[in-house]
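These notes are about the structure you will find just below.
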Amino acid sequence: MNYKMVGRFLAQILAVEGVFMIPAAVVSFLCGEVRAFQAFLWSFLIIGLVVVGLYLLCRGTESQFYAKEGLVCAGISWIVMGLLGCLPFYLSGEIPSYLDALFEIVSGFTTTGASILPEVEGMSKGLLYWRSFSHWLGGMGVLVLLLAIIPAGGRGRGYTMHILRAESPGPNVGKLVPKMKDTAKILYLIYILLTVLNVVFLLIGKMPVFDAVCTAFGTAGTGGFGIRNDSIAGYSPYLQNVCTVFMLLFGVNFSCYYLLLMRKIKNVFRDEELRMYMGAVIGSIILIVWNLKGFYGTLGETVRHAAFQVASIMTTTGFATTDFDLWPSFSKAVLLALMVVGACAGSTGGGLKCGRALLLLKSLRRNIRKVLHPQKVQIVRNNGQMVDEKVLENTNAYLAAYVVIVLLSFIVISLDGFSITTNISAVLACFNNIGPGFDAVGPTCNFAAYSPLSKVVLIADMLAGRLEIFPILILFSRSTWSHR
């Protein structure tokens, strides 16, 4: 293990985090929020001392950087970002408990949107901005951002692929262009463009500028932190529809947008994962609208709420326009299934991912055919190309780890005595980076009532879900920390 290289990389990550706190501090200063502004200043000082200390300790590092270091950097950097990123909430006194502040910011960075705050509107604007911006920063990934902005060239720069694979969601990560640095730039340019478009459409609907920016951050990162207690329910139908459209757009694999820019439209429509994603969205909306017949005043209102919640849950955003916990059991069952499936690989959404679910279904079909025709060679194909057996093995391993972690987490947090519906939906909501669950953690409730142990477990679930499990799991392996 190249400890110094990892330490130097952590210093760069924390420096980026400190820089991105500046706009939030400016908002606090302009709004006259003295305690929040002072909290940001103290946070800058603490982060600065840690960054300088890491740089001094990690001077003269060797240039070797392998997959193990890439996974460790991904796991540790997200943990450290949370430990220091929560300081403004804690030091300002607006979230008195450090663990609650940590829960809130990890929920932000992992784009989960689960909150311990009972009254969001009572928070200062600077901290609300930082809370929402954490979604945007975590949506595409701060490590990917760092790859896009750090200088290229030199020895040891081969770690870019290891970092991108560790942080990017999906069963397989490939290059859009030959150089990984250019791939990272393309991803972020598409991300920024879609975010700006989202803000513009919200402003056209006369949403206040601050609200539009914060809402766009939550939509782009598919995070779901609202700046109002009723989430998106208090805004006009037009604004709700805009959020619906952009949530779905951010749930699409970003490589599809690159193909559109390259005018390879046929390739986009042939994408099997995209077809599965859109089919699941449309099918779920139809089923829920049918099940909600008579629940709302008009068909148009029913379709609007159904479409919004399907988009919000499947893309793991977590915004709400209505209390879907009051919906019939069938509609809630559909939403629960969407929680697990999630959005497309290579998007900002969470969950198992449509691409991974598609591979699992195809692998299951192949195994059934092998039983019927044991002598025949069975190949799994995706988009007309043969899927490597290692990808299928990793997908199966991911599913096994997914089930084990969800079950263990469910058992541990059940010590708090909440209902089975509350606990299983809380674990799924945090692990799949969704935010609200059902019952006591529904869209009108929060996670504050859970014990410190349960909050630690749910924080770990959020991190494991965002980083696709393995970058967190390897931190607990002894061989990870050996010198080679």
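A quick note: this is a predicted structure, and the numbers were derived from the prediction, not measured.
A tilted orientation is assigned to the rings of F210 and Y129, their planes being inclined by 30° to 60°.
Residue F201 places its CZ atom among 12 or fewer non-hydrogen atoms of other residues, nucleotides or ligands, all under 6.0 Å distant. Open room surrounds CZ on F269; 12 or fewer heavy atoms of other groups in view lie less than 6.0 Å from it. Y296 OH: more than 12 foreign heavy atoms inside a 6.0 Å radius.
Residues meeting the salt bridge (charged side-chain N to carboxylate O under 4.0 Å, His left out) test with D271, sequence neighbours left out: none. For D211, the salt bridge (charged side-chain N to carboxylate O under 4.0 Å, His left out) partners two or more places apart in sequence, or in a different chain, are R228. A search for salt bridge (charged side-chain N to carboxylate O under 4.0 Å, His left out) contacts involving E272 returns K362, not counting sequence neighbours.
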Pair F295-T302, side chain to side chain contact (heavy atoms under 4.5 Å, CB included): steps then yes or no: CA-CA 8 Å; F295 197 87; T302 304; 5.8 Å; no
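Counting only residues at least two apart or in different chains, side chain to side chain donor-acceptor pair (under 3.5 Å) contacts with residues 194-203 comprise W136-T195. Pairs engaging residues 79-96 under the side chain to side chain donor-acceptor pair (under 3.5 Å) rule: E94-S124 [sequence neighbours left out]. A salt bridge (Lys or Arg N to Asp or Glu O under 4.0 Å) check over residues 26-47, counting only residues at least two apart or in different chains, returns nothing.
Under 4.0 Å is where a charged nitrogen must lie from a carboxylate oxygen, and between K353 and E273 no such pair does.
A 4.5 Å side-chain heavy-atom check between V200 and I204 finds at least one atom pair inside the cut-off.
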